[in-house]
Amino acid sequence: MNKEVQVTNNNDLQERKNKVFARGQGNAYPVYIKEAKNSEVWDVEGNRLIDFGTGIAVCNTGHSHPKIIEAVKAQIENFSHTCFTVTPYEVGVELAEKLTKVAPGETEKKAMFVTTGAEAVENCVKIARAHTGRRGIIAFNGGFHGRTNMTMALTGKTMPYKKGFGPFPAEIYHLPYPTSFNGTSVKDTLTALKNLFKVDILAEDVAAIIIEPIQGEGGFYQTPVELLQELRKICDENGIVLIIDEIQTGFARTGKMFNIEYAGIEPDLMTMAKGIAGGYPLSGVVGKAEIMDSAIPGGLGGTYGGSPVGCAAGLAVLEIIEEEDLINRANQIGDIFNKRLNELKAQFPDLICDVRNKGAMIALELMKDGDFEKPNAELTKALTAKATEYGLILLSCGFNSNVIRFLPALTISDEIVNEGLDKFQELFKDVVKN
């Protein structure tokens, strides 16, 4: 007797998932991926989708890049884990050597590896406090640094990241973040910092200031170069560690290896994750050697930190970025998006208030009635909800949940970029019409 063939579909998988996964670990789409190649994915029902999210800026080198697959297979054939803090391995040393060379600035660098972006941020806080002997950490409104207890405290947005999870660590302070849409200038931010030093915590008690050079979850707002340069001066004058969070902006995403290069300053510590290893769990901190060495032996690390498989993938990523000139490619992709999205803005001037990009980190901000002070979260939600019907994977973000963010693979072809943008234009018109 032949067994009945069970056909797997998205709805059935979503029902199964809902029964066994915690509600808090939700998913944007009830779409279950079976295969992914470069900038395209196929679900279990055979539907093809153009991926404009790349796992939230993780697969900068595209899905299943042959070079990464080859590197990972070769590593697994040797071994998959020994724990770097027990019996280390050359692939980890080699990746650290290369990352300390490509990190911006002339100061001697050292590195450490962990597994997630949040871990990288947490270790920056530990290193900064060990180095300075101080307690305070300053972050920014709208910033996102992770979902652990410490990184939730640093994150400058309550919903959905903080609801129901307090209390959070003390000695965390937030400053207003300057954008043209919230009416805050660089001068306002710096004035708030001076007031913070007078009112809440002395500069001499601050261990670190942490900032994203482009806010990720906050809405893809570019931190003004003037502010980054002033923060560098203030930190130098007061012995404060400057932490640059490059988790979403790093590895060629914004048309530089790291976005902070646009500001021409050297971070004291820099977080790396997402695009570092082409989809394999790996993150790291790279910073000035003197600061990095402040923690005592055993103070940093983790069981899976610096996975040999992740490190092998990371080495392949660096080779791909160089061989395929992905830094320049990011700018080319950004130019196409910028042109096409601005054409759409011209058709819908009352709904689209801004198109902005740095390389292939692209945002479309939505408003109501031509008033940028009325963020259109409803339209944003409708666009992302309906995206898969048009063969797209889209992500949203923003302090007011009114930004569509585009994070295509840097290996995507012009043909698929334009096909995806054609689909997005159709989607936009359909949603607005209805």
Side-chain angles (χ1 to χ4, degrees), residues 121 124-125 128-129 132 134-146 150-159 161-162 166-249 259-260 262-271 354 356 365 372-373 375 397-403:
V121 172
C124 279
V125 172
R129 284 176 167 167
T132 62
R134 303 174 181 181
R135 65 186 192 274
I137 309 292
I138 297 172
F140 287 81
N141 296 349
F144 179 83
H145 300 288
M150 170 58 74
T151 56
M152 277 192 294
L154 294 171
T155 291
K157 185 179 179 182
T158 54
M159 289 291 291
Y161 308 115
K162 298 185 180 185
F168 302 111
E171 302 294 353
I172 305 295
Y173 304 89
H174 286 90
L175 294 175
Y177 182 85
T179 77
S180 57
F181 293 101
N182 65 16
T184 301
S185 67
V186 170
K187 183 179 179 181
D188 293 332
T189 300
L190 294 173
T191 298
L193 178 58
K194 290 178 183 177
N195 288 338
L196 184 71
F197 289 157
K198 291 179 180 178
V199 175
D200 287 319
I201 185 169
L202 292 168
E204 64 195 51
D205 289 326
V206 175
I209 296 175
I210 184 168
I211 190 168
E212 300 163 278
I214 297 177
Q215 284 198 335
E217 296 294 321
F220 281 25
Y221 297 111
Q222 298 170 27
T223 304
V225 166
E226 177 190 354
L227 176 60
L228 292 168
Q229 292 173 343
E230 284 299 313
L231 290 177
R232 177 70 280 173
K233 291 177 185 176
I234 291 167
C235 287
D236 288 340
E237 290 168 357
N238 294 282
I240 298 169
V241 173
L242 179 60
I243 303 169
I244 301 297
D245 186 337
E246 290 268 3
I247 287 169
Q248 193 161 172
T249 51
N259 187 267
I260 196 63
Y262 286 107
I265 64 170
E266 181 178 1
D268 293 315
L269 300 174
M270 185 166 66
T271 59
D354 194 31
R356 53 184 175 270
E365 184 153 357
F372 69 84
E373 293 186 351
C397 64
F399 192 71
N400 296 305
S401 304
N402 66 320
V403 177

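Just so it is clear, the model here is predicted, and its values are computed rather than measured.
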Practice task
Measure across Ala153 and Phe168 and return the closest heavy-atom pair with its distance rounded to 0.1 Å.
Solution key: CB-CB, 3.7 Å
Exercise for the section: Report yes if the side chains of Pro224 and Glu230 come closer than 4.5 Å at any heavy-atom pair, otherwise no. Expected result: no
Using residues 193-203 as the side-chain source, report each donor-acceptor pair under 3.5 Å to any protein atom, sequence neighbours left out, with the distance given to one decimal.
residue	atom	partner	partner atom	Å
Asn195	ND2	Thr191	O	3.4

Practice task
Using distance alone, with no hydrogens and no angle criterion, decide if Asn402 and Glu365 have a side-chain donor and acceptor under 3.5 Å apart.
Solution key: yes
Exercise for the section: Could you label the plane-to-plane angle of the Tyr161 and Phe144 rings as parallel, tilted or perpendicular, counting under 30° as parallel and over 60° as perpendicular? Expected result: tilted
Handout entry: Reported CD1-to-CZ distance for the pair Ile240 and Arg232, which is rounded to 0.5 angstrom
Key = 10.0 Å
Problem - Contact summary for Ile243 and Ala208, nearest pair of heavy atoms - result: CD1-CB, 3.6 Å
Handout entry: Expected output: side-chain Tyr221 to main-chain Tyr177 donor-acceptor under 3.5 Å
Key = no
Exercise for the section: For the pair Arg135 (side chain) and Asp205 (backbone), establish whether a donor and an acceptor sit closer than 3.5 Å, ignoring hydrogens and angles. Expected result: no
Practice task
Hey, could you give me the CD/CG distance between Glu373 and Asn400, rounded to the nearest 0.5 Å?
Solution key: 11.0 Å
Handout entry: Glu226 atom CD, over 12 foreign heavy atoms within 6.0 Å
Key = no
Completion exercise
Taken to the nearest 0.5 Å, the spacing of Ile214 CD1 from Gln248 CD works out to 9.0 Å
Handout entry: Heavy-atom closest contact (Asp245 atom, His145 atom, distance)
Key = OD2-ND1, 2.7 Å
Practice task
Taking the side chain as every heavy atom from C-beta outward, state whether Asn259 and Glu212 have any atom pair closer than 4.5 Å.
Solution key: no
Exercise for the section: Determine, stepwise, if the pair Cys124 / Ile210 fulfils side-chain contact (heavy atoms from CB on, under 4.5 Å). Expected result: CA-CA 9 Å; Cys124 279; Ile210 184 168; 5.7 Å; no
Handout entry: Check: Leu242 main-chain N/O paired with Asp268 side-chain donor or acceptor under 3.5 Å
Key = yes
Fill in the blank from the handout: On a heavy-atom basis, the closest approach of Cys397 and Gly216 is SG-O, 3.7 Å
Problem - Backbone N/O of Phe220 and side chain of Arg356: donor-acceptor pair under 3.5 Å - result: yes
Fill in the blank from the handout: Nearest heavy-atom contact between Pro213 and Ile244 is CD-CG2, 3.8 Å
Problem - Minimum side-chain heavy-atom gap Ile172-Met150 below 4.5 Å - result: yes
Handout entry: Minimum heavy-atom distance Ala263-Leu228, with the two atoms named
Key = CB-CD1, 3.9 Å
Practice task
Taking Glu246 for its side chain and Ile260 for its backbone only, find out whether a donor-acceptor pair lies under 3.5 Å.
Solution key: yes
Exercise for the section: Ignoring hydrogens and angles, tell me if any N or O in the side chain of Gln215 forms a donor-acceptor pair with the backbone of Asn141 under 3.5 Å. Expected result: yes
Problem - Expected output: side-chain Thr184 to main-chain Thr179 donor-acceptor under 3.5 Å - result: no
Problem - Side-chain donor or acceptor of Asp188 paired with backbone N/O of Ser185 under 3.5 Å - result: yes
Problem - Backbone N/O of Leu154 and side chain of His174: donor-acceptor pair under 3.5 Å - result: yes
Exercise for the section: Have a look at Ile211 and tell me which of Leu175, Thr223, Ile138 forms a side chain to side chain contact (heavy atoms under 4.5 Å, CB included) with it. Expected result: Thr223
Problem - Ile247 side chain near Val121 side chain, heavy-atom distance below 4.5 Å - result: yes
Exercise for the section: Could you check if a side-chain atom of Ile137 sits within less than 4.5 angstrom of a side-chain atom of Arg129, using non-hydrogen atoms only? Expected result: yes
